[in-house]
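Down below is the structure, laid out as C-alpha cells.
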Amino acid sequence: MEDPSGYEFFTPAEAIAYQEELRNRITIKELIKPIKTIAGADISYNKYSEILYAAIVMFKYPEMQVITTSTAISHTSFPYISGLLAFREVPALFIAWNNLYIKPDVLVLDGQGIAHERRTGIATHFGLLTNAVTIGSAKSRLAGKYQEPANSTFAESPMYDKDEQIGVALRSKKNCNPIYISPGHNISIPQSVDVIKNCIRGYRIPEPTRQAHLLVNKIRIEHGDNNTTQLGLFD
DNA sequence: GCGACAG
DNA sequence: ATCTTGTCGC
C-alpha cells in the first residue's frame, strides 16, 4: 500500500489517470466476516485555508457506542475539484487512520464510493489504499440516475449509471433529502445499505460520519482555525 | 454548446 | 467545506 502524501503534486490529468488504474482493483462483494466495530471519518477546513483537519470515530457495532477516536492536522494545496475529492482529503485522513491502534471492521466516509464516474469516489479510493472495508455515505449526488424514494423512513431507490447499479438513494429520515450510499471496497451494495440503516439514530446522517463531523469541527475550533473572513485583501 | 458538478 | 438566526413546515 502506497503513501498518499504526494497527492498534492498531482495534476488533475494525472489524478484521473490514477483513478483509471485504481478502478481495475475494486472489489465489490459480500463481506463474510461479522462486523463488530465500525468507524466514521470526516474532514474539516476553512474555505481559504490549506490546513485540513481529519477525525475518525470508532464504535462498537451494532450497539453504536464510542470505542475510540483519532484526529490529525495536515496540509494540502490540491484544490477541491468535483470527481477528484480523494486527492484533496485522503492524505489527512490517512494520517488519522494510521494513528488508530486498532482498525475498524468497516469505515464509513463522507462522500461517494463507486457512485462516481470512474467508480473511484473517496470511499473506494481509501479502501483500495488501505485494503479496509469502506462505505460511502454522501449528502448529495455526484453520479447516477434514480427515482426519488418515497417519503418514509428507509425508503430507498437504486442509482444507475447506464445499466449498472452504483448505489442507493436512501431516505434516512422522513421529510429529509435522501443520502447516497455506495460501497467503497470489499463490501456489496445491499450490505452497505443494511449497515448504514443500522447506524441511523434519528438524524439524517448516520452516526459514524455524524460524530466524526462533530469531532473534527471541535478540534478545528480548538486549534483556533475559526476565522470567518479572508483577512487583508482589500482594506 | 449547455448543464451538472461528492466536499 | 464554512459562515449564520430565525423561521417555516411536518
Side-chain angles (χ1 to χ4, degrees), chain A residues 4 7-8 12 15-16 19 22 40-56 73-94 96 107-127 134-146 150-153 155 159-161 166-185 192 196 202-206 208-210 212-231:
Chain A
Y7 285 178
E8 63 179 319
I16 290 171
Q19 289 183 329
L22 288 180
D42 195 25
I43 297 292
S44 175
Y45 54 86
N46 274 323
K47 189 175 181 180
Y48 302 106
S49 170
E50 294 189 343
I51 301 176
L52 297 202
Y53 301 80
I56 296 174
I73 303 178
S74 187
H75 166 278
T76 186
S77 57
F78 197 96
Y80 169 72
I81 300 172
S82 180
L84 301 181
L85 177 67
F87 294 86
R88 176 170 174 76
E89 299 194 349
V90 160
L93 190 54
F94 190 67
L107 179 68
V108 183
L109 292 90
D110 189 6
Q112 318 292 343
I114 62 169
H116 178 284
E117 48 264 67
R118 287 172 293 279
R119 307 291 177 270
T120 47
I122 187 169
T124 301
H125 190 128
F126 196 80
T134 59
I135 298 173
S137 173
K139 299 182 295 299
S140 60
R141 186 204 71 99
L142 173 64
K145 297 178 180 176
Y146 66 97
N151 186 19
S152 57
T153 303
M159 302 170 69
Y160 293 100
D161 184 359
I166 57 175
V168 164
L170 174 69
R171 186 88 61 189
S172 51
K173 179 175 182 172
K174 192 177 180 182
N175 297 319
C176 288
N177 291 325
I179 55 178
Y180 304 86
I181 309 304
S182 58
H185 189 49
S192 297
I196 293 299
Y203 296 91
R204 177 186 178 227
I205 306 302
T209 47
R210 197 178 81 86
H213 186 75
L214 292 174
L215 176 58
V216 77
N217 278 303
K218 179 172 180 289
I219 68 162
R220 180 173 56 82
I221 301 305
E222 284 174 354
H223 193 264
D225 198 350
N226 59 340
N227 283 344
T228 180
T229 53
Q230 187 178 17
L231 304 164

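Just so it is clear, the model here is predicted, and its values are computed rather than measured. Numbered from 1 within each chain, the chains take letters A, B, ... in sequence-line order.
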Heteroatom pairs (N/O) under 3.5 angstrom, protein to nucleotides 3-5 of chain B:
{"residue": "dC5(B)", "atom": "O3'", "partner": "Ser82(A)", "partner atom": "OG", "Å": "3.4"}

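- Listed pair Arg220(A) / dC3(C) meets the phosphate criterion, a side-chain N or O lying under 4.0 Å from OP1 or OP2.
- Asn217(A) has a side-chain polar atom (N or O) that falls below the 4.0 Å cut-off from OP1 or OP2 of dT2(C).
- A salt bridge links Arg119(A) with Asp161(A): at least one charged nitrogen is closer than 4.0 Å to a carboxylate oxygen.
- Here dG7(B) presents its C1' atom at 10 Å from CD of Gln112(A), a figure rounded to the nearest Å.
- With sequence neighbours excluded, the residues that form a side-chain contact (heavy atoms from CB on, under 4.5 Å) with Thr124(A) are Ile26(A), Ile114(A), Leu128(A).
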Which nucleotides of DNA chain C pair, in dot-bracket form (Watson-Crick or G-U under 3.5 Å, | meaning another strand): ..........
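- Not counting sequence neighbours, the partners of Tyr180(A) by the ring-ring contact (aromatic ring centres under 6.0 Å, His included) test are Tyr146(A).
- Aromatic pair Phe126(A)/His185(A): centroids not less than 6.0 angstrom apart.
- Ring pair Tyr53(A)/His223(A) is perpendicular by interplanar angle, where above 60° counts as perpendicular and below 30° as parallel.
- His213(A) comes within 4.0 angstrom of the backbone, heavy atoms only, and of no base.
- Contacts of Gly136(A) with the nucleic acid, taken as non-hydrogen atoms under 4.0 Å apart, are absent.
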Per-residue pairing states of DNA chain B in dot-bracket (Watson-Crick or G-U under 3.5 Å; . unpaired, | other strand) read .......
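- For the side chain to side chain contact (heavy atoms under 4.5 Å, CB included) with Tyr45(A), the lone residue among Asp225(A), Leu52(A), Thr76(A) that qualifies is Leu52(A).
- Contact annotation for Leu84(A): base contact, defined as any heavy-atom pair under 4.0 Å involving a base atom.
- The phosphate of dG7(B) (OP1 or OP2) has a side-chain N or O of Lys139(A) nearer than 4.0 angstrom.
- Remark: P of dT4(C) and NZ of Lys47(A) are 13 Å apart, rounded to the nearest angstrom.
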Enumerate all atom pairs, one protein N or O and one N or O from nucleotides 7-10 of chain C, separated by less than 3.5 Å.
{"residue": "dC10(C)", "atom": "O3'", "partner": "Asn175(A)", "partner atom": "ND2", "Å": "3.0"}

